[in-house]
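Protein chains get the first letters and strands the later ones, always in sequence-line order, with residue 1 at the start of each.
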Amino acid sequence: MDADVKTQLAFHVLGRNPAGAVPVQAVGPVRPALFAGFRDLAALRYDYPLVLVSEAEPAEAIRTLRGLIDAALQQVAPRGAAGERMRRQVLRLEAEIRRRAADGGRLSAVWDAAVAALAPTADDGFAASVAAVRAAITVDGELVDCGAAAPKRVVGHIWRLVQERKLAGLAERVETLVLKLADVLLADHARSEAGRAPDALAAAVGPGLSTLFDFGTMSELLGTVSGGPVSKRRRRRIEAALAVLEAQPLLTALRARDRAAEERALAELVFDDCASALAAWRRQRPALAALVKALAIAELEIEGRYDEPEHDPFFEAFSETSLGAADLALGPDMLVCVEDAGAATRAEVLELLAAGLPVKVVVPTHDALGDPAPGPGGPTLAGTRLATMATSIDDIFVMQASAASLARCGGRIGRGLAYAGPALFSVYTGAGTGTPGVPAYLRAAAAVEARVFPSFTYDPSGGPVLAERWDVADNPQPEADWSVHHFVYENAEQQRVVGDLAFTAADLVVGDPRHARQFALVPSAHWSDTMVPVDVWLRQPPAGPGAVPYVTVVDAENRLYRAIVSEQVMAATRRCREAWHRLQELGDIHNSWAERRSRAEQAAREAAEREAAEQAAAQAVAEGRMPEPAAPAATAKAEPEAAPKSKPAAKAKAAEPEAAPSPDPWIETPRCTSCNACLQVNARMFHYDGNQQAFVADVAAGTFRQLVEAAESCPVGIIHPGEPRNPKEPDLDALRARAKAFA
Amino acid sequence: MSMPMHECLLQMVEEAHSLEDYQSGVPRWCSGCGDNAVLAAVQRLCRDENLRPEKLAFVSGIGCASRFPHYMRTYGFHGIHGRALPIAEGVKMARPDLHVFVNTGDGDCCSIGAAHWLHAIRYNMNMTVVLHDNHVYGLTKKQVSPTSPKGLRSNTTPHGSYLDAMNPLTVTLGVTNVSFVAQAVDWIPEVVHAVIKAAFHHQGFSFVRIIQRCPEFLPKMWEPWLHDPQKTLLLEHPDGIGYSAGLQKIYKNRQSHDPSDIHRAREIASSIDPVPVGILFRDESVPCYEDIREAGKPRPIEMIKAGLEAELDKFTVWPDADEPARSAV
Ligand SMILES: Cc1ncc(C[n+]2csc(CCOP(=O)(O)OP(=O)(O)O)c2C)c(N)n1
Ligand code: SF4
Ligand code: SF4
Ligand SMILES: [Mg+2]
């Protein structure tokens with residue numbers, strides 16, 4: 001075995017630094033080769049800063065500065081060179097705003113400040129260009145830069161919109177109920193003796209017309225109207241419900257459009273740890289129970305259908321422990337934002353979610369890889385597990401995403417916040433430890449690329465089956481094990497080399513100084529064929545001796561190395577890939593069950609075809625013919641199925657017997673038009689049934705003549721008089737002759 | 001999601017209704033009048049759907065047919081001639097939770113009320129409108145109506161009427177936002193019931209024309225149709241109404257018609273011999289006016305008073321503000 005190979009292998013398996021290879025620390029910070037192109041992010045038009053737009057649908061509430069400027073340019077930039085110039089000027093402004101975004105502020109204000117800062121050095125027409133684009137941007141809102149605070153601000157913003165919307169509905173419902181309940185009491189007063197008194201009536205009509213009416217008579221007349229007054233019990237019940245409905249500070253603020261009061265009320269629902277959220281919930285629960293009860297009582301009272309014997313016991317027993325999921329979904333939701341600070345916080349979050357409270361939890365994770373594992377070292381990936389674990393609670397909405405994609409997540413976040421149950425938003429920010437000198441945005445995006453923090457949504461309201469609940473589509477190259485990118489570099493001979501690089505979990509780990517010990521750098525002079533890229537290694541572990549897995553990295557001077565990967569990091573990378581496979585299957589990508597089933601079906605189909613062909617051949621041989629090539633299985637099967645279809649329908653008709661004329665009178669009741677004609681002839685002989693259709697109720701109640709007359713009066717001719725019962729009835733012959741038409 | 005609590009509590013005290021719960025008084029229509037068939041079908045619908053009587057409002061104009069609300073033990077509004085539809089629209093606007101029915105005659109709807117009819121179609125408010133078309137003014141004892149056959153001798157046309165009859169179906173099918181049109185003949189109760197049921201379930205303005213016999217003034221008019229089943233055309237389609245086996249045995253003249261096809265609906269609707277029955281047209285996508293305008297929003301008394309004052313002020317003649325100044329000059 002080659003000496004290089006030997007040392008490399010010793011490193012990979014035993015974690016020993018191979019002689020000849022350079023320890024990472026010696027070279028200084030390295031980063032995955034695919035990061036080489038991203039040194040100055042501010043010059044790059046990436047998705048941040050975001051603009052939190054108020055007064056918008058959740059899906060439209062998170063916009064990117066870039067998107068807003070592009071749309072505006074599209075609208076106002078003239079064609080040709082002038083347009084190109086406008087574009088350049090505005091993009092310069094965009095870069096300036098991006099630089100200032102870390103300090104926050106509203107887009108309009110930051111825009112103006114940036115314009116003022118650039119104006120002295122700007123070229124001609126700058127002011128006009130930026131003003132035109134500014135005018136075309138019709139929305140405004142707070143700017144959010146990528147970083148530790150982004151998840152809370154983005155989710156918090158949409159949470160507010162969703163609460164406003166949801167509670168506006170409730171506020172309107174409460175307002176309606178309050179008015180209608182008040183109407184019940186008002187109507188009761190109008191009906192009472194005091195309300196009906198001549199004075200009260202005169203006052204109601206007003207002074208102008210008072211001489212036209214005799215209020216004394218009117219009062220007497222109204223006294224005869226039926227319907228008693230509202231009972232004392234009912235009045236108390238209505239007043240109690242009214243009191244509860246009118247004492248809801250948040251709803252009152254919304255109804256009165258009192259922004260400050262609304263702000264205060266909403267702020268009381270935001271928490272920074274699980275324990276205080278739980279405590280607040282315990283305090284608020286009785287008030288929610290009272291509201292739910294008052295709403296139900298109000299609805300029943302307004303319908304006039306409160307039934308004391310039935311409903312009293314129910315409401316007497318109703319308490320805060322009676323609140324069901326639908327009731328909890330009625331009120332506002334709490335918003336809890338807890339930073340992922342290790343196992344204890346994660347356990348607390350899971351417990352809070354499982355309690356089924358009206359709570360939405362945001363967990364920003366700043367460190368996806370985790371400190372070196374005790375013992376063998378290597379990343380623990382502890383920060384990546386919370387969301388997956390939460391999906392096993394089953395009836396909670398779970399979203400996992402990276403801060404880099406938050407701009408696209410408005411709709412998903414909105415759905416989770418509107419979901420009638422707890423929701424978890426686990427967001428990797430990239431703001432913690434990681435590759436030095438790489439901005440949070442890039443780290444966050446890379447964690448998704450590396451499948452370390454894949455993006456997914458689990459939405460129980462999507463439907464009853466997993467296929468309707470899981471969504472993993474928002475991942476780069478979701479069909480593949482790893483996302484693969486083009487990579488171009490110059491080799492020692494200054495030749496351009498073009499190739500594809502997969503971005504694996506190991507590529508993400510290599511830049512993290514905490515895990516530098518897990519890699520050994522091999523300069524290009526020592527590269528050999530036994531070095532296998534990590535993705536290839538995982539796909540098909542090499543059989544030959546001496547093979548080692550590597551990732552490609554660059555140092556601060558953009559010099560290329562291969563970094564041999566320790567077994568600990570390979571184990572973590574393998575785990576990421578397995579977890580990603582599981583997620584893929586949940587999102588119906590490479591679904592192993594379906595693939596197995598379709599393989600089995602394919603095999604069965606082929607076996608059936610083979611068998612059919614063999615039988616046909618045997619038959620042909622038996623009949624002394626040449627065996628024909630087999631027909632496709634599908635058509636062969638279809639024939640016998642189609643053949644017997646048409647027959648039974650034809651039979652059913654023929655089987656119908658012809659009814660013999662009946663000696664008793666009868667009516668084809670289902671055809672009766674309820675026209676009353678026969679009942680006019682004799683209402684004792686003919687009756688209506690429960691459907692208001694006539695039948696012969698009592699033949700003895702009338703004469704044969706009446707039967708004939710009824711038959712003649714029947715517009716649809718469905719009365720059949722039959723034979724006369726009394727042979728002595730006069731004019732029988734003539735009547736019989738008339739009855740013939742209705743036999 | 002589970003049912004809201006008050007709905008559960010309402011169901012707890014829900015009771016089934018019988019036909020009698022919807023009946024009121026003895027109809028004063030002539031013996032054999034086709035109006036009876038409509039009344040029976042509507043009462044059966046209410047019972048079958050177990051509709052709460054206090055959730056129903058029947059609105060009518062003036063005429064024999066318009067006596068309908070008197071015979072329903074529900075809310076009713078026997079309005080003024082030709083004005084059933086605007087009254088019904090007002091009811092629906094104020095109380096969208098009510099099921100609103102309109103019973104109107106051919107004179108009431110197509111003559112004096114024609115303008116309201118056209119706009120009611122366009123407003124597409126969710127209500128069931130039954131046109132009792134007996135081709136004559138019945139209540140006032142035989143005057144020609146817009147749907148009377150040409151040549152009808154009546155009190156107002158002693159030498160026979162001069163104009164071809166208007167076809168209420170094709171008119172309705174020609175108006176913007178039309179969303180449901182159906183026809184039945186009073187002498188096939190199964191179809192009357194099925195068509196009114198479909199109309200009731202349609203979200204929007206459902207227009208049902210019932211060819212209604214007036215044995216008092218036009219006793220012979222529909223005789224040929226009563227005697228020859230071939231003169232009735234049953235429209236059938238999976239999206240239409242179904243017919244019992246018994247009915248299909250009698251009425252063999254059937255045709256498939258897709259209610260979403262408005263052009264074909266207009267062609268079919270023009271025929272009177274055979275007379276088509278069933279659903280001619282349905283479009284669930286047309287928005288209802290009450291939904292667009294947030295009907296049913298309760299308003300505080302002060303707001304109603306202020307609104308009324310403002311309306312009345314429009315008709316007040318204010319003294320001209322400039323008047324004193326001018327007279328002073
Ligand atoms: C404003 C006004 N004009 C005229 C009348 C007289 N009038 C009462 S009923 C009626 C016609 C009713 O015909 P139709 O609507 O077809 O109802 P039918 O009686 O045929 O059911 C007329 C003209 C009236 N009541 N009010
Ligand atoms: S006459 Fe005929 S249609 Fe009229 S009620 Fe009697 S059976 Fe029914
Ligand atoms: S006049 Fe005609 S429409 Fe009126 S009740 Fe009599 S039969 Fe019926
Ligand atoms: Mg009429």
So which heavy atom on B:Pro189 is nearest to which on A:Pro670, and how close?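 Taking every non-hydrogen atom into account, CG-O, 3.4 Å.
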What pair of heavy atoms forms the shortest contact from B:Val13 to A:Glu310, and how long is it?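 For B:Val13 versus A:Glu310, the nearest heavy atoms are CG1-CG, 3.6 Å.
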If you round to the nearest 0.5 Å, how far is [atom2] of [Y] from [atom1] of [X]?
{"X": "B:Met12", "Y": "A:Phe314", "atom1": "CE", "atom2": "CZ", "answer": "7.5 Å"}
{"X": "A:Ser674", "Y": "B:Asp35", "atom1": "OG", "atom2": "CG", "answer": "12.0 Å"}
{"X": "B:Met5", "Y": "A:Ser322", "atom1": "CE", "atom2": "OG", "answer": "7.5 Å"}
{"X": "A:Thr673", "Y": "B:Asp186", "atom1": "OG1", "atom2": "CG", "answer": "6.0 Å"}
{"X": "A:Leu179", "Y": "B:Ile301", "atom1": "CG", "atom2": "CD1", "answer": "9.5 Å"}
{"X": "A:Gln692", "Y": "B:Gln43", "atom1": "CD", "atom2": "CD", "answer": "6.0 Å"}

Which atoms of [X] approach chain B - backbone, side chain, both or neither, heavy atom under 4.5 Å:
{"X": "A:Ile297", "answer": "neither"}
{"X": "A:Thr176", "answer": "both"}
{"X": "A:Cys672", "answer": "backbone"}
{"X": "A:Glu175", "answer": "neither"}

Residue part contacting chain A, namely of [X], when any heavy atom lies under 4.5 Å:
{"X": "B:Leu247", "result": "neither"}
{"X": "B:Gln23", "result": "side chain"}
{"X": "B:Leu10", "result": "both"}
{"X": "B:Arg299", "result": "backbone"}
{"X": "B:Leu9", "result": "both"}
{"X": "B:Ile250", "result": "side chain"}
{"X": "B:Glu14", "result": "both"}
{"X": "B:Glu7", "result": "neither"}

Between A:His311 and B:His6, does a side chain to side chain contact (heavy atoms under 4.5 Å, CB included) hold up when you go through it step by step? CA-CA 10 Å; A:His311 294 147; B:His6 70 273; over 6 Å; no
Within the structure provided, determine whether B:Arg213 and A:Pro715 are in side-chain contact (heavy-atom separation under 4.5 Å).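 Of all side-chain heavy-atom pairs linking A:Pro715 with B:Arg213, at least one is under 4.5 Å.
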Taking C-beta and beyond as the side chain, do A:Gln693 and B:Arg44 meet within less than 4.5 Å on heavy atoms?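 A side-chain contact exists here, since the closest heavy-atom pair is under 4.5 Å.
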Is the number of heavy atoms from other residues, nucleotides or ligands under 6.0 Å of [X] [atom1] greater than 12?
{"X": "A:Lys166", "atom1": "NZ", "result": "yes"}
{"X": "A:Arg684", "atom1": "CZ", "result": "no"}
{"X": "A:Phe315", "atom1": "CZ", "result": "yes"}

Output, in order, the C-alpha distance, side-chain angles, deciding distance and verdict of salt bridge (Lys or Arg N to Asp or Glu O under 4.0 Å) for A:Glu303 and B:Lys55. CA-CA 10 Å; A:Glu303 289 286 302; B:Lys55 287 284 177 192; 2.9 Å; yes
With a 4.5 Å cut-off on heavy-atom pairs, point out which of A:Glu299, A:Glu668, A:Lys293 contacts chain B the most.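 Most heavy-atom pairs under 4.5 Å with chain B: A:Glu299.
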